[in-house]
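For the numbers below, each heavy atom of this structure counts, side chains included, while hydrogens, waters and symmetry mates do not.
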Amino acid sequence: DTDGTRNRLSNTLNTTIDYRLGALNTLSFTGLVSLRRGDADALNTYSELDAAETLTRRYTRRTLGAGDDVNMDYRLSFTRTIEPRAHELTAEVSFEQDDESEQDDYTENLLMAEGSTADTILDQQIVEQTEAGRELDAQIDYRRPLGESLRMEAGARSSVEWLDNTFYSESLDLTLNAFLPDINLNN
């Protein structure tokens, strides 16, 4: 059995600026910033049965989660237009940055026979995850007519991407009543 809620908030700002550098050339800038935030609360109820399908144990697992995401994308381009859609040179450089963080708290509680939650905590864990991504792209395209019925197009594109992520988890040691790092899970 599962019951839960999730809330999300997202905001995006986008802008483009074109600057004419004379009759043939244009310099353009495009920027995008996106901010997202959310939280979740879910309660799962589990029933364990033995081989004869007799109920042996019931427990709940509550998950409380929260996360943030910031994405930024910037593009700078130059266009030289000698003849529109026929003879053009275009160059573009773009940079994208994406940072995400998330924390989830898990708590398992024993359920009494009538279904109420006991004070007995079976397991408790806190998980934090982050991911940071960066991407740099460069592209150049050239197009020109070669007579009345022939056209040449050439271009090149290059990309570099970086990704860094972390995962950190702590679980409640029931005998010490303290959270200890999950050494086999963390990076």
Gly65 to Asp104 - nearest heavy-atom pair and separation: CA-OD1, 3.2 Å
Can you tell me if Asp182 uses its side chain to pair, donor with acceptor, with the backbone of Asn184 under 3.5 Å? no
For Gln139 and Asp141, test the side chains for any donor-to-acceptor distance below 3.5 angstrom and give the result as yes or no. yes
Does a side-chain heavy-atom distance below 4.5 Å link Phe78 with Asn25? yes
Once you round to the nearest 0.5 Å, how far does CD1 of Ile82 lie from CZ of Arg143? 12.0 Å
Would you check if there is a donor-acceptor pair between the side chains of Asn71 and Glu96 at a distance under 3.5 Å? yes
Would you indicate whether the side-chain heavy atoms of Gln129 and Thr166 approach each other to under 4.5 Å? no
Verify the neighbour count for atom CG of Leu146: are there more than 12 heavy atoms of other residues, nucleotides or ligands below 6.0 Å? yes
Show your working on side chain to side chain contact (heavy atoms under 4.5 Å, CB included) between Asn11 and Val33 and close with a plain yes or no. CA-CA 8 Å; Asn11 295 294; Val33 177; over 6 Å; no
Between Glu161 and Arg134, is the closest basic N to carboxylate O distance under 4.0 Å? no
pair Leu185-Gln125: side-chain heavy atoms closer than 4.5 Å: yes
Are Met72 and Phe29 grouped together when hydrophobic residues (ILVMFWY) are joined by side-chain heavy atoms under 4.5 angstrom apart? yes
Measuring from Asn7:CG to Asp39:CG, what's the distance to the nearest 0.5 Å? 4.5 Å
Is there a donor-acceptor pair closer than 3.5 Å between any side-chain N or O of Ser28 and the backbone N or O of Ser77? no
Go through the steps for Asn109 and Ile121 under the test side chain to side chain contact (heavy atoms under 4.5 Å, CB included), then give the verdict. CA-CA 5 Å; Asn109 286 93; Ile121 292 177; 3.8 Å; yes
From CG (Leu89) to CG (Leu24), nearest 0.5 Å: 11.5 Å
Charged N to carboxylate O below 4.0 Å: is that the case for Asp68 and Arg36? no
Apply side chain to side chain contact (heavy atoms under 4.5 Å, CB included) to Glu102 and Glu100, showing your working. CA-CA 7 Å; Glu102 185 176 321; Glu100 298 178 35; 6.0 Å; no
Taking atom CD of Gln97 and atom CH2 of Trp162, what is their separation to the nearest 0.5 Å? 11.0 Å
So which atom in Glu135 and which in Ser159 form the shortest heavy-atom distance, rounded to 0.1 Å? OE2-OG, 4.3 Å
What are the two closest heavy atoms between Gly31 and Tyr74, and how far apart are they? CA-CD2, 4.3 Å
Among the clusters formed by ILVMFWY side chains lying less than 4.5 Å apart, do Tyr19 and Leu76 turn up in the same one? yes
Kindly state whether the ring of Tyr46 and the ring of Tyr59 have centres lying under 6.0 angstrom apart. yes
Check whether Asp173 reaches the backbone of Asn177 with its side chain - one donor and one acceptor, N or O, closer than 3.5 Å. no
Using distance alone, with no hydrogens and no angle criterion, decide if Asp41 and Thr5 have a side-chain donor and acceptor under 3.5 Å apart. no
If you group Ile, Leu, Val, Met, Phe, Trp and Tyr by side-chain heavy-atom gaps below 4.5 Å, do Leu9 and Val70 land in one group? no
Classify the ring geometry between His87 and Tyr142 as parallel (under 30°), tilted (30 to 60°) or perpendicular (over 60°). perpendicular
Give me the atom names and distance for the closest heavy-atom approach of Pro145 to Ala86. CD-O, 3.4 Å
Rounded to the nearest 0.5 Å, what separates atom CG in Asp137 from atom OG in Ser94? 4.0 Å
Within the side chain of Asn14, is there an N or O that forms a donor-acceptor pair under 3.5 Å with the backbone of Leu32? no
Under 6.0 Å from the CD atom of Glu53, do we count more than 12 heavy atoms belonging to anything else shown? no
For Glu88 against Glu83, the heavy-atom pair lying closest together: CG-O, 4.0 Å
Could you check whether any side-chain heavy atom of Thr130 comes within less than 4.5 Å of a side-chain heavy atom of Glu128, counting everything from C-beta outward? no
Before giving the answer on side chain to side chain contact (heavy atoms under 4.5 Å, CB included), spell out for Arg58 and Thr45 the whole-Å C-alpha distance, their side-chain angles and the decisive distance to 0.1 Å. CA-CA 7 Å; Arg58 293 184 67 215; Thr45 304; 3.7 Å; yes
Asn187 (side chain) donor-acceptor with Phe167 (main chain) under 3.5 angstrom: yes
Side-chain touch Leu122/Arg57, heavy atoms, less than 4.5 angstrom: yes
With the side chain counted from C-beta on, respond yes when Leu27 and Thr79 share a heavy-atom pair under 4.5 Å apart, and no when they do not. no
Modelled atom types, side-chain donor and acceptor of Arg61 and Asn44, under 3.5 Å: no
With the threshold set at 4.0 Å, does a side-chain nitrogen-carboxylate oxygen contact exist between Arg8 and Asp69? no
What I want to find out is whether Asp73 reaches Arg75 closely enough, with some N-O distance under 4.0 Å, to be called a salt bridge. yes
Step-by-step side-chain hydrogen bond (donor to acceptor under 3.5 Å, both in side chains) determination, Tyr106 to Glu108: CA-CA 7 Å; Tyr106 305 99; Glu108 288 185 12; over 6 Å; no
Could you see if Leu163 belongs to whatever hydrophobic cluster contains Phe95? Use Ile, Leu, Val, Met, Phe, Trp, Tyr and a side-chain cutoff under 4.5 Å. no
Measuring only between side-chain heavy atoms, which start at C-beta, is Phe179 closer than 4.5 Å to Ser171? no
Around Arg20, counting heavy atoms of other residues, nucleotides and ligands shown, do more than 12 lie under 6.0 Å from its CZ? yes
Are Leu49 and Leu55 side-chain neighbours, meaning at least one heavy-atom pair lies under 4.5 Å? yes
How close do Ser34 and Thr12 get, counting heavy atoms only, and between which atoms? OG-OG1, 3.6 Å
